[in-house]
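See structure below.
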Amino acid sequence: MSTALILGATGATGRHLLRELLSNDQWSKVGEYGRRVTPEADLPQNRGKLEQKTVNFENLEAAGLKDGRWDVVFVTLGTTRANAGSAEMFEKIDREYVVNACEAAKTDDPEHKQRVVYLSSSGADSSSHFLYPRSKGLTELGIARLGYADTVVFRPAFLKGAQRADKRLAETIFGYVTGAASHFTSNAEIHVSVLAKAIMKAGILGSSGLPPAVDATKAGQEDASFTLIGNKGALALGQE
């Protein structure tokens, strides 16, 4: 059995991932750390192995992230520019908080082989002129440089079934478009529940154990390589 830490469990995908982790016997302990944690009323009954902790990302040393000696660190933490309030705050939350938290969760024991699984986004590109894909791409590289034994990155397409506090009109309209397109291509959308299953399975299997149908590839840079799973691969893994 292994231990799992999830950062960002209150988000659209994270809440599904938390339920997957708690219901799977693979995990002996599950840590939910974040700026806020799931309210008790929203937790499933099988939460005996759950450890929750509210974290100040400006003072990660006090959070004791590495004390849990987590085998797998799952990251579904992120935000939007609108919610962050500015481009500067967006990058702080979306990239700086994520990379710093992953670094803080990495143990000092070279014998402890940890894995990190990061939920990025389709189109992530560290050299993009646009804020959102550039931030995601730089975050991927930042995590990959931390020295985890295994780094897996998901780049899903449109997230179907995402429940958000802020209902986005453009997202609703785009959902109709991707829903129609999904009948012709597997690169248009993925339901968040399927994505959550895929992310957990990747955490269990690791890069070397992924089935051929996932069509995982090596990506990144020479000093920051990672295993990349696109939307088609996430669908294959989540529906397996």
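Values reported hereafter were calculated over all heavy atoms of this structure, with side chains retained and with hydrogens, waters and symmetry mates removed.
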**OP:** Taking the six-membered ring of Trp70 (Phe, Tyr or Trp), confirm whether the NZ or CZ of Lys106 is under 6.0 Å from its centre and within 45° of its axis.
**Re:** no

Original post:
Which value, rounded to the nearest 0.5 Å, describes the distance between Leu50 atom CG and Leu18 atom CG?
Top reply: 6.0 Å

Original post:
Are Leu21 and Leu237 connected, step by step, through hydrophobic side chains (Ile, Leu, Val, Met, Phe, Trp, Tyr) whose heavy atoms are closer than 4.5 Å?
Top reply: yes

Subject >> Polar side chain donor-acceptor pair, Thr107 to Asp109, under 3.5 angstrom >> reply: no

Subject >> Closest heavy-atom pair and its distance - Val153, Ser120 >> reply: CG1-CB, 3.7 Å

Original post:
Under 4.5 Å between side-chain heavy atoms, hopping through other hydrophobics if needed: is there a path connecting Val73 to Tyr118?
Top reply: yes

Original post:
What are the two closest heavy atoms between Gly137 and Ala124, and how far apart are they?
Top reply: N-CB, 3.9 Å

Original post:
Just by distance, do the side chain of Asp71 and the backbone of Ser2 share a donor-acceptor pair under 3.5 Å?
Top reply: no

Original post:
Does a side-chain heavy-atom distance below 4.5 Å link Lys160 with Ile190?
Top reply: no

**OP:** Assess the side chains of Ser207 and Asp150: does a donor N or O sit below 3.5 Å from an acceptor N or O?
**Re:** yes

Original post:
Would you say the side-chain atoms of Asn46 pair up with the backbone N or O of Leu22, donor to acceptor, closer than 3.5 Å?
Top reply: yes

**OP:** Look at Arg134 together with Asp125 and state whether they make a salt bridge at an N to O cut-off of under 4.0 Å.
**Re:** no

**OP:** Answer with yes or no whether the hydrophobic clustering places Leu77 together with Leu141; edges join I, L, V, M, F, W, Y residues whose side-chain heavy atoms lie under 4.5 Å apart.
**Re:** yes

Subject >> Basic-acidic side-chain contact under 4.0 Å: Lys197, Glu240 >> reply: no

Original post:
Distance only, no hydrogens: is a donor on one side chain within 3.5 Å (strictly under) of an acceptor on the other, for Gln221 and Arg145?
Top reply: yes

Original post:
Out of curiosity, Gln26 CD to Met1 CE, how far, rounded to the nearest 0.5 Å?
Top reply: 7.5 Å

**OP:** Quickly, which of Leu195, Val192, Thr76, Val30 forms a side chain to side chain contact (heavy atoms under 4.5 Å, CB included) with Leu17? Name it, please.
**Re:** Thr76

Subject >> Exam field: side chain Tyr148 to backbone Ile143, donor-acceptor pair closer than 3.5 Å >> reply: no

Original post:
Is there a side-chain contact between Arg35 and Val55 (heavy atoms, below 4.5 Å)?
Top reply: no

Subject >> Residue list, salt bridge (Lys or Arg N to Asp or Glu O under 4.0 Å) with Asp25, at least two apart or on another chain >> reply: none

Original post:
Among side-chain atoms of Glu140 and Ser126, is any donor-acceptor pair under 3.5 angstrom?
Top reply: no

Subject >> Smallest separation among heavy atoms of Lys136 and Ser121, with atom names >> reply: CG-CB, 4.2 Å

Original post:
According to a 4.5 Å side-chain heavy-atom criterion applied to Ile, Leu, Val, Met, Phe, Trp and Tyr, with indirect links allowed, do Leu210 and Phe226 form part of one hydrophobic cluster?
Top reply: no

**OP:** Begin from the C-alpha positions of Gln52 and Tyr33 and carry the test side-chain hydrogen bond (donor to acceptor under 3.5 Å, both in side chains) through to its verdict.
**Re:** CA-CA 6 Å; Gln52 292 179 305; Tyr33 287 23; over 6 Å; no

Subject >> Arg81 side chain reached by Leu131 side chain, heavy atoms, under 4.5 Å >> reply: yes

Subject >> Hydrophobic cluster identity match, Leu138 and Met89, side-chain contacts under 4.5 Å >> reply: no

Original post:
So do Ile199 and Thr13 actually touch side chain to side chain, heavy atoms under 4.5 Å?
Top reply: yes

**OP:** Taking all non-hydrogen atoms of both residues into account, name the closest pair between Ile204 and Trp27 and its distance.
**Re:** CG1-CZ2, 3.4 Å

**OP:** Give a yes or no answer on whether the side chain of Lys232 reaches the backbone of Ile229 with a donor-acceptor pair at less than 3.5 Å.
**Re:** no

Original post:
Say you draw a straight line from CD1 of Ile6 to CG of Leu119; how long is it, rounded to the nearest 0.5 Å?
Top reply: 10.0 Å

Original post:
Got a second to check how far Leu205's CG is from Thr227's OG1, nearest 0.5 Å?
Top reply: 12.0 Å

Original post:
Got a second to check how far Leu159's CG is from Asn231's CG, nearest 0.5 Å?
Top reply: 8.5 Å

Subject >> Closest heavy-atom pair and its distance - Thr79, Ala84 >> reply: OG1-N, 4.0 Å

Original post:
Is a donor on one side and an acceptor on the other found under 3.5 Å between the side chain of Arg95 and the backbone of Lys92?
Top reply: no

**OP:** Report, as yes or no, whether the 6.0 Å neighbourhood of atom CD on Glu58 holds more than 12 heavy atoms from other residues, nucleotides or ligands.
**Re:** yes

Original post:
If we only count heavy atoms from C-beta on, is the Phe154 to Leu228 side-chain gap below 4.5 Å?
Top reply: no

Original post:
Which atoms form the tightest heavy-atom contact between Phe90 and Ser135, and what is the distance?
Top reply: CE2-CB, 3.6 Å

Subject >> Lys/Arg N to Asp/Glu carboxylate O, Glu20 vs Lys201, below 4.0 Å >> reply: no

**OP:** Measure the spacing between CD of Glu51 and CD of Glu32 and express it to the nearest 0.5 Å.
**Re:** 10.5 Å

Original post:
Is any side-chain heavy atom of Lys66 less than 4.5 Å from a side-chain heavy atom of Asp108?
Top reply: yes

**OP:** Taking the side chain as every heavy atom from C-beta outward, state whether Leu65 and Leu5 have any atom pair closer than 4.5 Å.
**Re:** yes

**OP:** Examine distances only and state if a side-chain atom of Arg115 and a backbone atom of Val72 form a donor-acceptor pair shorter than 3.5 Å.
**Re:** no

Original post:
For Val194 and Gln239, what are the C-alpha separation, side-chain angles and deciding distance, and is it a side chain to side chain contact (heavy atoms under 4.5 Å, CB included)?
Top reply: CA-CA 7 Å; Val194 175; Gln239 294 174 339; 3.8 Å; yes

